[in-house]
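Note that the structure is a prediction, hence the values are computed from the model and not measured. All values below come from the heavy atoms of this structure, side chains included, with hydrogens, waters and symmetry mates left out. Naming: A, B, ... by sequence-line order, numbering from 1 per chain.
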Amino acid sequence: MGSASNSIAIHWFRQDLRLSDNPALSSALKSGRLLPIYILDEVNAEDAQIGDASRWWLHHSLMELNRSLKGNLRFYRGDATRILPKLAAETGAGTVSWNRCYEPWRIKRDTAIKEMLKEDGITVITENGSLLWEPWEILKSDGSPYRVFTPFYSQGRLNGRLPREPIAAPASISFAPADKYPETVDLAELNLLPRSNWTLKREPDWHPGEAGAQAQVRYFLENGLNGYKIRRNFPAAENRSRLSPHLHFGELSPHQVWHALSFKEHMPELDDDIGNFKTELAWREFSYSLLFFNPGLSNVNLQQKFDSFPWRSDAAALEAWQEGRTGIPFVDAGMRELWQSGYMHNRVRMIVSSFLSKNLMIDWREGARWFWDCLVDADLANNSASWQWVSGTGADAAPYFRIFNPVTQGTRFDPNGDYTRKYVPEIAALPNKWLFNPWEAPTDILEGAGIVLGQTYPAPIVDLKTSRRRALDAFSDLNDSRKAGVAS
DNA sequence: TTAAACTTCGA
DNA sequence: CGAAGTTTA
């Protein structure tokens, strides 16, 4: 162990911004004195640059991680394929470790780096730090990947191992000598914080970083799990985990979440809620599997027939949707929650996505792009897979003809109107009966609530009924022309 | 993780 | 005649 303890082990933090349950970090610590680094690689990311909300989160998460590492985290900015081999050579590191990422551009880059390091005689350690099951572990009996969630989860995962027990945080860390290393920059020089006034609008209830992630799990288990299965659909309720950004940046591993649930499994009354929450964790796994086996997931319709779908190009409608002024209150509430907080309740995500891709008939990729820029939990696998699911272009998707009615949905899932009134205060005085469809409210009700449609709040930019019909007709044409094409 | 249209049932 | 169940897209 003498030589090992003197050698330097670089751990490259990426989507694993934590010390506990970090397999590659733990391996690195056994190999030498730790040189922890982060590289903001905007060179290889090409068109997959992270958005403003994610950059804000990343900045704060890195600050927290550096604090946990007693200020030893080294920051770099640039092409990781150049920075990492150079750093390894100049520091004489014997080991480089990282936890695997699954975005296509990262796989390509990391594979190249691994080869370069190996040629230099450096030991490369890669581990699974962010998925319960590796995509290639969950396959159908013929060796092909699942395209439908239910069998993926109910049968496929049985072929994989049980999620491992979380690894404890290292008791102590021996750091590499704190000399200057080439090309190091300060965290501030990564320029992650937005220049616009966007941050001012955000609600201050996010706590990026490992400690915040742990606190959020505890909070959810005590305050959100009981009743989760039903109440998770109600955006005004506390029954959502809000773990997505923490999981995305790896401030917390899914294994830790899975394991934390086991402490509640002695309470039979929670069985349904725990089972349902595990299903949500498994959807994340399924999204990663879809991305791994369909690298074009963020841009290519999984159902090819949608390649000829007549998406409308309507810049004004897209902008109204983005800014939460479609005149459909439940949709506007969701879009404003997104803009103000960097987050949107899952039920509402489905409704605004359905509205964009069906009622407005705007290409789901426009919506995915907006979400990508606005969400603090923007995740290529989850975002792409979910948009394809809602818009009906995915393999195992809600059928295109399944169109959410935002009035019905609001009445059903925000029955007291708390969520809608919070984000659309200009119509808060409306009684519940007309809160979700003010355009149908009697004149005296509108007057009483101080509302002039088109002035104090927009008139709806589309008629729900006719736009629904338009989408269904376009979908029907798509299928007809396809049949005709096959027949001829 | 749907909704509209339609049918049936019971007051 | 409205509630509740069924079918269909």
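- Taking side-chain N and O atoms only, A:Gln409 has a distance below 4.0 Å to OP1 or OP2 of B:dA3.
- For the segment residues 345-370 of chain A, residues with any heavy atom less than 4.0 angstrom from an atom of DNA chain B are, sorted by number, A:Arg347, A:Met350.
- Between A:Arg412 and B:dA3, a side-chain N or O to OP1/OP2 separation shorter than 4.0 Å is present.
- B:dT2 atom P lies 21 Å from atom NZ of A:Lys465, rounded to whole Å.
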Ring pair (Phe, Tyr, Trp, His ring centres under 6.0 Å) between A:Tyr343 and A:Trp206, worked out:
CA-CA 10 Å; A:Tyr343 178 85; A:Trp206 291 118; 5.4 Å; yes
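- In this structure, A:Ile403 places its CD1 atom 13 Å from P of B:dT2, rounding to the nearest Å.
- Between A:Arg18 and A:Glu64 there is no salt bridge, since no side-chain nitrogen of the basic residue lies less than 4.0 Å from a carboxylate oxygen of the acidic one.
- Straight-line distance from the CG atom of A:Leu472 to the P atom of B:dA4: 10 Å, rounded to whole Å.
- Summarising the geometry, the separation between CZ on A:Arg468 and P on B:dA3 is reported as 9 Å, rounded to the nearest angstrom.
- At whole-Å resolution of the value, CZ in A:Arg232 and P in B:dT1 are 8 Å apart.
- Side-chain atoms of A:Tyr219 and A:Glu238 form a donor-acceptor pair, as typed in the model, at a separation below 3.5 Å.
- If you check B:dT1, B:dA5, B:dA3 against the side chain of A:Glu280, the one that comes closest is B:dT1.
- For A:Tyr288 and A:Phe292, the gap between ring centers reaches or exceeds 6.0 Å.
- One interatomic measurement links the two molecules: CZ of A:Phe330 to C1' of B:dT1, which rounds to 13 Å at whole-angstrom precision.
- Residues A:Asn383 and A:Arg349 bring no donor and acceptor atom of their side chains to less than 3.5 Å of each other.
- Among residues two or more places apart in sequence or in another chain, the salt bridge (charged side-chain N to carboxylate O under 4.0 Å, His left out) test is passed with A:Glu46 by none.
- Remark: P of B:dT1 and CZ of A:Phe404 are 10 Å apart, rounded to the nearest angstrom.
- Residues A:Trp439 and A:Asp463 have side chains that never bring a donor and an acceptor to within less than 3.5 angstrom of each other.
- Atom CZ in A:Arg402 sits roughly 17 Å away from atom P in C:dT7 (whole-Å rounding).
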